[in-house]
Amino acid sequence: MTGMKKPVPQAVEINRRVWSTVQQIPEGKVATYGQVADLAGLGRAARRVGRALRELPAGSEVPWYRVIRAGGQIAFPTGSSAFNRQRKLLEAEGVSLINGRIDLGVYGWQRTLDELLWKPD
DNA sequence: GTCTTGACTAAGC
DNA sequence: GGCTTAGCCAAGA
């Protein structure tokens with residue numbers, strides 16, 4: 001089986017974890033690449049998240065547009081079709097951009113803090 | 001096998 | 001506030 005090329009399921013597994021994590025981002029909220037990487041168990045491999053999202057099949061239910069840069073900006077070049085698409089999807093959920101930026105203090109998905117403060121317990 | 005690229009981030013100017 | 005540099009890590013060429 002030397003010629004048998006293994007599909008390196010590890011990479012696929014990582015993609016699955018990233019996508020699964022992104023799906024947990026609630027509507028109207030956004031998360032950063034680094035945050036998703038951390039939650040997905042990838043440490044600080046933020047670029048890995050970007051790659052996983054790029055590999056994302058079209059028509060998936062994964063809200064890829066809820067993932068933005070650490071500075072609150074959309075990762076695509078301003079004005080590009082992808083940028084406009086993402087902005088529109090975000091605004092449709094109530095996430096507005098101010099000067100091309102998203103206020104992470106307002107729309108940031110502070111999972112841990114959120115649960116600590118809101119968990120009725 | 002090395003080099004470049006990229007849906008990133010933090011730090012410095 | 002924005003631009004540059006360095007660190008990062010895996011996929012392609």
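Keep in mind that the numbers below use all heavy atoms, side chains included, and drop hydrogens, waters and symmetry copies. Just so it is clear: chains get the letters A, B, ... in the order the sequence lines come, proteins before strands, and each one is counted from 1.
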- Please state whether the phosphate of C:dC8, meaning OP1 or OP2, lies under 4.0 angstrom from any side-chain nitrogen or oxygen of A:Arg44.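 Looking at the OP1 and OP2 atoms of C:dC8, neither is under 4.0 Å from any side-chain N or O of A:Arg44.
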| message | With a 4.0 Å limit, can you tell me whether A:Arg101 has a side-chain N or O closer than that to the phosphate oxygens OP1/OP2 of C:dG2? | response |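 Yes, A:Arg101 has a side-chain N/O under 4.0 Å of OP1/OP2 on C:dG2.
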What nucleic acid atoms does [X] come within less than 4.0 Å of, heavy atoms only: base, sugar-phosphate, or nothing?
X: A:Ala70; result: sugar-phosphate
X: A:Arg69; result: sugar-phosphate
X: A:Arg48; result: sugar-phosphate

Picking from [options], which would you name as closest to the side chain of [X]?
X: A:Thr32; options: B:dA7, C:dG12, B:dT9; result: B:dT9
X: A:Arg47; options: C:dG7, C:dA10, B:dA7; result: C:dG7
X: A:Arg54; options: B:dA7, C:dA11, C:dC9; result: B:dA7

Polar side-chain atom of [X] near backbone of [Y] as donor-acceptor pair, under 3.5 Å:
X: A:Gln86; Y: A:Val67; value: yes
X: A:Ser20; Y: A:Arg16; value: no
X: A:Trp19; Y: A:Ala52; value: yes

Report task. Scan every strand shown for a Watson-Crick or G-U wobble partner of C:dG1, both distances under 3.5 Å, and answer none if you come up empty. Result ->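 None - no nucleotide pairs with C:dG1, as no candidate has both distances under 3.5 Å.
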Any-strand Watson-Crick or G-U partner of C:dA11, both distances under 3.5 Å: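 Looking at the geometry, C:dA11 pairs with B:dT4.
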Return the value, rounded to whole Å, for the distance between atom [atom1] of [X] and atom [atom2] of [N].
X: A:Leu104; N: B:dA10; atom1: CG; atom2: P; result: 11 Å
X: A:Asp38; N: C:dC8; atom1: CG; atom2: C1'; result: 15 Å
X: A:Glu55; N: C:dA11; atom1: CD; atom2: P; result: 9 Å
X: A:Glu13; N: C:dA10; atom1: CD; atom2: C1'; result: 17 Å
X: A:Leu53; N: C:dA10; atom1: CG; atom2: C1'; result: 15 Å
X: A:Asn84; N: B:dA7; atom1: CG; atom2: P; result: 17 Å
X: A:Arg51; N: C:dA10; atom1: CZ; atom2: P; result: 11 Å
X: A:Tyr33; N: C:dA10; atom1: OH; atom2: P; result: 18 Å

* Taking all non-hydrogen atoms of both residues into account, name the closest pair between A:Glu93 and A:Tyr65 and its distance. =>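 Answer, listing the atom of A:Glu93 first, then A:Tyr65: OE2-OH, 2.8 Å.
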Any chance you could lay out the side chain to side chain contact (heavy atoms under 4.5 Å, CB included) test for A:Ser81 and A:Phe76, step after step, and finish with the verdict? CA-CA 9 Å; A:Ser81 58; A:Phe76 297 111; over 6 Å; no
